[in-house]
Protein chains: 2
Amino acid sequence: MATGRTHRPATRSRGIPEATVARLPLYLRALTALSERSVPTVSSEELATAAGVNSAKLRKDFSYLGSYGTRGVGYDVEYLVYQISRELGLTQDWPVVIVGIGNLGAALANYGGFASRGFRVAALIDADPAMAGKPVAGIPVQHTDELEKIITDNGVSIGVIATPAGAAQQVCDRLVAAGITSILNFAPTVLSVPDGVDVRKVDLSIELQILAFHEQRKAGEEASAPEEAAGAVPPPPVAPHRARPGAPGAPGAPGADSGRQGPDGDVPAVMPA
Amino acid sequence: MATGRTHRPATRSRGIPEATVARLPLYLRALTALSERSVPTVSSEELATAAGVNSAKLRKDFSYLGSYGTRGVGYDVEYLVYQISRELGLTQDWPVVIVGIGNLGAALANYGGFASRGFRVAALIDADPAMAGKPVAGIPVQHTDELEKIITDNGVSIGVIATPAGAAQQVCDRLVAAGITSILNFAPTVLSVPDGVDVRKVDLSIELQILAFHEQRKAGEEASAPEEAAGAVPPPPVAPHRARPGAPGAPGAPGADSGRQGPDGDVPAVMPA
DNA sequence: ATGTGTGAAGTACTTCACAGCC
DNA sequence: GGCTGTGAAGTACTTCACACAT
């Protein structure tokens with residue numbers, strides 16, 4: 001998940017559910033692979049397996065786009081690729097800017113999946129004057145001062161924020177003021193944006209935390225109902241101020257209270273600004 | 001969003017909805033910030049705003065954890081931080097391995113948000129012999145041959161895959177065979193794993209495609225109902241083989257059929273293996 | 001007075017199961 | 001006979017609105 005704000009209440013733009021939109025890229029990828037192997041048609045069952053979803057869901061998803069299949073046969077691969085691409089807006093070119101060229105920003109700039117889907121990195125922007133002019137992934141980094149001009153000149157409407165958390169909102173505000181209407185945010189912050197601007201976020205630490213939750217559950221089940229299993233509610237609401245108990249289970253590793261390296265606990269994303 | 005397979009059907013482990021689990025890290029971050037500012041208590045309204053959700057949802061979420069608030073007052077910040085951390089399993093140390101130390105893998109290794117949440121990078125693994133021994137983020141990269149040993153010796157249960165798409169499933173299989181039960185996948189592929197293994201995926205190109213979809217909608221509304229607006233279904237199901245029409249709108253940029261740089265269209269993630 | 005905790009109502013998404021077309 | 005397209009049923013999540021504890 002990842003929509004920040006702007007859940008576009010009552011959106012379902014022209015009737016396509018958000019959940020379906022989120023899966024279209026998945027189908028597109030599977031179809032592209034089939035297309036490259038020159039497979040002419042697929043059944044919902046085959047395609048669903050390739051995309052990792054169940055076939056009823058896939059058929060329902062496609063039904064929102066129109067009736068692009070043939071009963072008794074399946075779907076024409078090339079035709080579906082085209083229809084989904086069009087629906088996603090990938091038949092047009094989308095210039096994007098990446099702000100914050102640290103480790104992550106550089107990795108994004110080098111990411112091959114962008115170009116192959118109609119996304120073109122129009123510019124790389126960083127606040128560090130020392131970075132200016134340096135080429136990253138073949139594109140020279142420009143200073144933040146140029147931000148507004150770059151966006152306007154290139155007609156950019158999609159921005160990627162890969163700055164430290166502290167700079168994110170400010171960068172976001174400038175992007176929006178300059179005309180950006182879609183933002184992909186990698187900084188661990190909640191961005192606030194005006195209506196009409198879409199924000200999606202990708203947060204590495206959140207994903208790991210969700211995995212840890214399930215991992216913990218597995219460990220608990222395995223060792224069948226350990227102490228805090230039953231409805232036993234721990235210490236009463238008297239608030240045990242400032243005192244994280246030492247890490248219980250888990251092998252190896254010393255200090256669980258690992259080096260606090262900055263405010264916010266979540267600190268920057270990974271790179272300078 | 002990001003759960004790959006293993007949606008743990010009928011899971012809701014001990015009653016906490018997946019959607020709630022996915023928001024706990026968000027609350028935790030907001031609470032940590034308050035804690036650092038030494039704020040003693042928060043109301044659901046304030047905390048909800050800070051986390052970017054609505055207050056009714058937040059209260060409902062917390063109600064699954066237990067009654068940790070005080071009516072008429074709000075929630076004790078420190079106490080809630082502790083309860084959520086415990087629920088997420090963050091009071092213990094989680095060693096993780098990152099496989100695939102290219103641009104992205106290196107960025108992940110440098111990511112500060114890991115350590116600050118109880119995640120410890122136990123090892124970096126790459127298939128390139130030339131990388132072996134080189135330190136990245138202060139940790140020496142080890143060769144893939146050592147994978148099984150590393151996992152066993154360190155009791156690692158969470159693995160991060162940042163390899164090119166082509167290597168992902170194979171790496172995944174080895175991780176699982178070695179005992180990993182939770183995987184965070186950055187490679188643009190659907191991983192298949194046995195029951196009991198959780199997979200979450202983060203796919204940069206998918207996020208951008210979703211943004212493009214909405215962006216396209218905005219452009220359409222703005223220029224009020226353009227040609228393909230009304231229920232007009234485009235070319236009939238006769239399948240226009242191999243012929244992506246040239247990009248319609250959008251300023252600047254030439255070739256929409258951008259440099260195909262590898263199979264699968266989505267190609268590697270961004271780094272060697 | 002204030003703000004939590006929660007049944008109940010509402011909405012969104014998923015899955016079933018089968019009619020209809022090839 | 002095989003496979004799509006889709007109403008209908010089921011499930012999950014969200015939001016409302018208010019009783020109740022402090």
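Naming: A, B, ... by sequence-line order, numbering from 1 per chain.
Between A:Thr70 and C:dC22 there is no side-chain N or O to OP1 or OP2 distance below 4.0 Å. Put simply, A:Asn54 has no side-chain N or O that comes within less than 4.0 Å of OP1 or OP2 on C:dT14. Taking 4.0 angstrom as the limit, B:Ser44 places none of its side-chain polar atoms (N or O) nearer than this to OP1 or OP2 of C:dG3.
In terms of modelled atom types and a separation under 3.5 Å, the side chain of B:Glu207 and the main chain of A:Leu184 share no donor-acceptor contact.
Note: CD (B:Glu45) to C1' (C:dA1) measures 16 Å, nearest angstrom. The CZ-C1' distance, from B:Arg59 to D:dA17, rounds to 10 Å in whole Å. B:Lys57 places its NZ atom 19 Å from the P atom of C:dG10, with the value rounded to the nearest Å. Between the OH atom of B:Tyr75 and the P atom of C:dT4 there is a distance of 5 Å, rounded to whole Å. Residue B:Ile16 contributes atom CD1, which lies 15 Å from atom C1' of D:dA12 at whole-angstrom precision. Between the CG atom of A:Asp61 and the P atom of C:dT14 there is a distance of 7 Å, rounded to whole Å. Atom pair B:Tyr64:OH and C:dG7:C1' shows a separation of 11 Å (rounding to whole Å applied). Distance A:Leu47 CG to D:dC3 P: 14 Å, rounded to the nearest Å.
With sequence neighbours excluded, no residue satisfies side chain to side chain donor-acceptor pair (under 3.5 Å) with B:Ser63.
For the pair B:Arg23 and B:Glu18, the salt-bridge criterion is not met [side-chain N within less than 4.0 Å of a carboxylate O].
The shortest distance between side-chain heavy atoms of B:Glu46 and B:Thr49 does not fall below 4.5 Å. In this structure the side chain of B:Tyr68 never reaches within 4.5 angstrom of the side chain of B:Phe62, judged on heavy atoms. With contacts defined as side-chain heavy-atom distances shorter than 4.5 Å, the pair A:Val77/A:Pro40 does not qualify.
Judged by atom type and distance alone, B:Arg71 does not reach the base of D:dT22 through any side-chain donor-acceptor pair under 3.5 Å.
Both B:Val42 and B:Lys60 lie near DNA chain C, and the one whose nearest nucleotide falls closer to the 5' end is B:Val42. Remark on DNA chain C: of its neighbouring residues A:Ala19 and A:Ala56, the 5'-side contact belongs to A:Ala19, judged by nearest-heavy-atom nucleotide. Each of A:Val73 and A:Ser63 has a nearest nucleotide on DNA chain D; the 5'-most of these lies closest to A:Val73.
The two residues B:Tyr111 and A:Leu204 make their nearest non-hydrogen contact at CE2-CB, 3.8 Å.
From one end of the helix from C:dA1-D:dT22 to C:dC22-D:dG1 to the other, with five pairs defining each end axis, the axis direction shifts by 0° (rounded to 10°).
Using a 4.0 Å heavy-atom cutoff across all strands shown, A:Phe62 reaches no nucleic acid atom at all.
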